[in-house]
Amino acid sequence: MLTLRALKPIAVARLSRTFATEVSRRNAVLHLKTGESFAGVSFGAPKSVYGETVFSTSITSYTESMTDPSYRGQILVFTSPLIGNYGVPKNRTPINSRDVGVLLESTRVQCAGVVVGDVALKFSHHAAVESLSAWCARHDVPGITGVDTRAVTTLLRDQGTTLGRLAVGADMTAPQPSEYWDPSQDNLVDQVSTQEAYTLNPKGDIKIAVLDFGAKANILRSLVRRGAAVTVLPWNFDFNTIRDNFDGLFLTNGPGDPAHCMEAAMNVRRTLMEWQKPIFGICMGHQILGIAAGLDAYRMTFGNRGHNQPVLALASSGSIKAGRVYVTSQNHQYALKLQDPFPAGWEPFFINCNDSSVEGIKSTADSGRKVWGVQFHPESAGGPLDTIEMFTDFVDECRAGKIQLPGEEPSVVEPTRIVHQRPRQAFATG
């Protein structure tokens, strides 16, 4: 006969929701100008900052987002619940025909502050050298964790991008409305643009000038890896004084209001009228092209920031096929107005499938020009690569019209071929 013995009860520890890792117990508060406040715990630099509170729906590539100059002056709210789990890599690479000196999008953290639901100080990635908190502290950027980022995002989607203050330590009282700083009133482009011209991959077979409104490194990398010699110029440099030395012109992304860059827009307008070489603009560069063409720019309610923005191609050009929807990476607060009729010689290129905003413009076939502008980022970093071949299209057009030096035999143009590697980062979502 089988005898059953009574089992001793097993003690089970009570579980509770905690942070992924232990953080400092320094209190912090995110104040919004509209009156809402969100309490949490500080990480990164122990300082208080003002800025424009925006949100990003991306679930990975937080290091690339935070080093994107387009986030200058902004308090960045990540909607993904866990941030920092793969740490931060060493931000240095060679400068050669394959790379541009940095692994991320610039040499420093560009956003004013960071708001996350749960920060991970213990990280796991073969390339990581420090935690997100240590990285922020080293660049003097504060962060707050333990905040209900879903509630913050809902507010921002309902009332639009809102001025805020990330208050850390003893001084956590809510500011008066008049005390909030609006970064859009400043020329942020002038803060992030290069101050002196420099050249990457000088032995490239075509020469492309880049007007730097706050260029992401992967834009320069995408041009260099396609064989171009890239000369980066300050945002307000008059390209017309040296344009005959180049095969193409590229206008980069950048932060803030394009109205601060009217000097550049007027220079580009002259270029469009007098120069027949290919021109490509991204983000801020797209807005500058549009203003130069005669379109108006406006401030959106909350902008588009994330890696999953669908755009519909309205026209075909190179690798882009009319009628197809492309998923894109975006980071912008301003856009071009859709108007009818469009300026002579121009046509809409892309439109956003969510809000119907203008996502691209291009010169018409009968204009005699080869000019494209897109509001999104074909080079991603991070994000989808649906439109990466637009860089190939642009470089191939530059190569087709390449400047021939005296006595030089015309070269046979072969289409550029780029092998796209798998992303370097591994990530997990909470």
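- Between Leu155 and Thr162 there is no side-chain heavy-atom pair separated by less than 4.5 Å.
- If you check the side chains of Thr161 and Gln333, you find a donor sitting under 3.5 Å from an acceptor.
- A search for salt bridge (Lys or Arg N to Asp or Glu O under 4.0 Å) contacts involving Asp186 returns nothing, not counting sequence neighbours.
- Of the charged side-chain nitrogens involved, none lies within less than 4.0 Å of a carboxylate oxygen, so that Asp396 and Arg226 do not count as a salt-bridged pair.
- A donor-acceptor pair under 3.5 Å is absent between the side-chain atoms of Thr153 and the main chain of Arg150, judged by distance alone.
- Between the side chain of His377 and the backbone N or O of Glu379, no donor-acceptor pair lies under 3.5 Å.
- Rounded to the nearest 0.5 angstrom, Leu251 CG and Ile288 CD1 are separated by 7.5 Å.
- No hydrogens or angles considered: a donor-acceptor pair under 3.5 Å links the side chains of Ser319 and Asp393.
- Neither side chain, Ser133 nor Ser131, offers a donor N or O lying under 3.5 Å from an acceptor on the other.
- Relative ring orientation between Phe280 and Trp372 is described as perpendicular, the plane-to-plane angle rising above 60° on a 0-90° scale split at 30° and 60°.
- Contact of the Val371 side chain with the Leu272 side chain is registered, since non-hydrogen atoms from C-beta on lie closer than 4.5 Å.
- With hydrogens and angles left out, the side-chain atoms of Asn331 and Asp68 include a donor and acceptor closer than 3.5 Å.
- Counted within 6.0 Å of CZ on Arg270, heavy atoms from surrounding residues, nucleotides or ligands total more than 12; the atom is thus considered enclosed.
- Looking at residues two or more places apart in sequence or on another chain, you find a side-chain hydrogen bond (donor to acceptor under 3.5 Å, both in side chains) between Ser37 and His31.
- Side chains of Thr34 and Glu36: a donor on one and an acceptor on the other come within 3.5 Å.
- Ionic pairing of Glu52 and Arg299 is present here: one or more N-O contacts between side-chain nitrogen and carboxylate oxygen are shorter than 4.0 angstrom.
- By the 4.5 Å heavy-atom criterion applied to side chains, Lys207 and Thr231 are not counted as neighbours.
- Judged purely by atom type and a 3.5 angstrom limit, Asn218 has no side-chain atom pairing as donor or acceptor with the backbone of Glu105.
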Evaluate side-chain contact (heavy atoms from CB on, under 4.5 Å) for Lys216 paired with Ser106, printing each intermediate quantity in order. CA-CA 6 Å; Lys216 291 173 61 181; Ser106 66; over 6 Å; no
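- You'll find the side chain of Leu312 stays beyond 4.5 Å of the side chain of Phe350, heavy atoms only.
- Look at Arg165 and Asp171 and you find a salt bridge, because one of the NZ, NE, NH1 or NH2 atoms lies within 4.0 Å of a carboxylate O, short of that distance.
- Between the side chains of Gln74 and Gln110, no donor-acceptor pair is found at a separation under 3.5 Å.
- Ring-plane geometry between Trp235 and Phe213 is classed as tilted, the angle between the planes lying from 30 to 60 degrees on a 0 to 90 degree scale.
- In summary, the side chains of Thr328 and Gln309 do not present any donor paired with an acceptor at a separation below 3.5 Å, with no hydrogens or angles considered.
- For the pair Leu76/Met66, a side-chain contact is recorded, criterion being any heavy-atom separation below 4.5 Å from C-beta on.
- Contact of the Phe376 side chain with the Met390 side chain is registered, since non-hydrogen atoms from C-beta on lie closer than 4.5 Å.
- Electrostatic pairing of Lys90 and Glu130 does not count as a salt bridge here, judged by no charged N lying under 4.0 Å from a carboxylate O.
- In this structure, a donor-acceptor pair under 3.5 Å is present between the side chains of Thr60 and Tyr86.
- In summary, Asp140 and Lys47 engage in a salt bridge, as defined by a charged side-chain N under 4.0 Å from a carboxylate O.
- Looking at Asn304 and Ser357, their side chains come closer than 4.5 Å, going by heavy atoms from C-beta outward.
- Distance CG/Asp257 to OG/Ser184: 6.5 Å, rounded to 0.5 Å.
- Relative orientation of the Phe239 and Phe246 rings is tilted, given thresholds of 30° and 60° on the angle between their planes.
- Counting heavy atoms from C-beta on, the side chains of Tyr71 and Ser65 come closer than 4.5 Å.
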